[in-house]
Amino acid sequence: ADLHMMAVRAQARASLPRCDFVHGDALQAMREGGPLDDATVVFCYSSAWASEGGALTDFSELVGCCCLPGCRVVVTDKWLECDGSCGEFALLDEVEGPNRETGGSVGYIYEVVRSQRGG
C-alpha cells in the first residue's frame with residue numbers, strides 16, 4: 001500500500017503519459033475483464049512472490065496466463081521463467097539501482113512473446 005501511494009503521488013507531481021496504478025490481488029487485476037487485462041506495461045515489486053532460486057514461479061505463470069503478447073513486464077530482484085507451457089518471455093534489459101529496503105535491486109524488463117491469450 002505504501003509503494004502504491006508513493007507511485008500515485010509521484011504521478012501527480014510529474015508530467016508523464018497516462019498511467020494507472022492498481023493495488024490489489026494480481027490475479028483479479030490481470031484476468032480478462034480486470035483493470036489490467038489489456039495493460040501494455042506491468043510493474044511488480046516481486047520480492048514477496050514465490051520463487052525457486054531467483055525464478056518467479058507463480059507470477060511467471062500469471063503473466064503467461066493473463067498478459068497479452070507485446071506487454072512489457074518489469075520485475076525486481078527475481079526473474080520470469082517458464083518452461084513454455086504458460087508462455088514465452090524475452091528479456092529486454094536488466095537495470096541495477098538503489099533500493100532503500102535492500103540497499104540495491106535489479107529490475108528485469110521483459111516482453112511477453114507468447115501467452116495463453118495469444119501469440
Side-chain angles (χ1 to χ4, degrees):
D2 291 340
L3 182 61
H4 175 79
M5 287 311 300
M6 287 173 55
V8 170
R9 285 193 298 270
Q11 171 70 18
R13 289 190 310 267
S15 296
L16 299 173
R18 183 183 157 271
C19 180
D20 296 324
F21 296 99
V22 177
H23 179 251
D25 180 84
L27 176 59
Q28 295 303 315
M30 294 171 67
R31 67 176 170 68
E32 283 193 69
L36 297 177
D37 77 334
D38 63 348
T40 55
V41 177
V42 172
F43 170 82
C44 178
Y45 188 76
S46 50
S47 299
W49 280 84
S51 62
E52 285 186 23
L56 291 162
T57 51
D58 297 346
F59 191 71
S60 294
E61 185 175 338
L62 183 64
V63 169
C65 289
C66 297
C67 289
L68 294 168
C71 178
R72 300 299 202 268
V73 180
V74 181
V75 292
T76 57
D77 298 321
K78 300 177 184 180
W79 54 88
L80 297 180
E81 187 170 279
C82 182
D83 62 7
S85 62
C86 65
E88 182 181 347
F89 319 120
L91 178 64
L92 302 177
D93 205 356
E94 297 178 24
V95 180
E96 291 187 46
N99 180 330
R100 286 187 294 178
E101 294 178 0
T102 64
S105 285
V106 177
Y108 296 96
I109 304 165
Y110 292 89
E111 179 177 357
V112 177
V113 176
R114 183 177 50 80
S115 74
Q116 292 181 10
R117 292 187 59 196

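The structure presented is a predicted model; accordingly, all values stated were derived computationally and were not measured.
Just one residue in the list E61, E32, M30 forms a side-chain contact (heavy atoms from CB on, under 4.5 Å) with C66, and that residue is M30. Remark: of the listed residues T40, V42, L92, L92 is the sole one forming a side-chain contact (heavy atoms from CB on, under 4.5 Å) with R72.
A heavy-atom distance below 4.5 Å is found between the side chains of V95 and I109. Between S115 and L68 there is no side-chain heavy-atom pair separated by less than 4.5 Å. Two residues are said to be in side-chain contact when any heavy atoms from C-beta on lie closer than 4.5 Å; Y108 and V74 fail this criterion. In this structure, the side chains of Y110 and W79 come closer than 4.5 Å at one or more pairs of heavy atoms. The side-chain heavy atoms of V75 and F89, taken from C-beta on, include no pair separated by under 4.5 Å.
At distances below 3.5 Å, at least one donor-acceptor pair connects side-chain atoms of T76 with backbone N or O atoms of S46. A donor-acceptor contact shorter than 3.5 Å links the side chain of D77 to the backbone of V106. Within the 3.5 Å criterion, the main-chain N or O of A50 finds a donor-acceptor partner in the side chain of T57.
A29 and V22 get closest at one heavy-atom pair: CB-CG1, 4.0 Å. Annotation for P69 and V113: closest pair CB-O, 3.7 Å, computed over non-hydrogen atoms. Residue F21 comes nearest to A7 through the heavy atom pair CE2-CB, 3.4 Å, listed as atom of the first residue, atom of the second, then distance. The two residues L80 and S60 make their nearest non-hydrogen contact at CA-OG, 3.3 Å. The two residues S51 and K78 make their nearest non-hydrogen contact at OG-NZ, 3.4 Å.
The distance from atom CZ of F59 to atom CG of L27, rounded to the nearest 0.5 Å, is 11.0 Å. We find the CD-CG distance between E52 and D58 to be 9.5 Å, quoted to the nearest 0.5 Å. Here the CZ atom belonging to R31 is positioned 9.0 Å from the CG atom belonging to D25, to the nearest 0.5 angstrom.
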Practice item. Step by step, work out the side-chain contact (heavy atoms from CB on, under 4.5 Å) result for E88 and V112. Key: CA-CA 6 Å; E88 182 181 347; V112 177; over 6 Å; no
Practice item. Just do the side chain to side chain donor-acceptor pair (under 3.5 Å) check on N99 and Y45 with the steps written out, would you? Key: CA-CA 11 Å; N99 180 330; Y45 188 76; 3.2 Å; yes
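Cysteines C86 and C82: SG-SG separation is under 2.5 Å.
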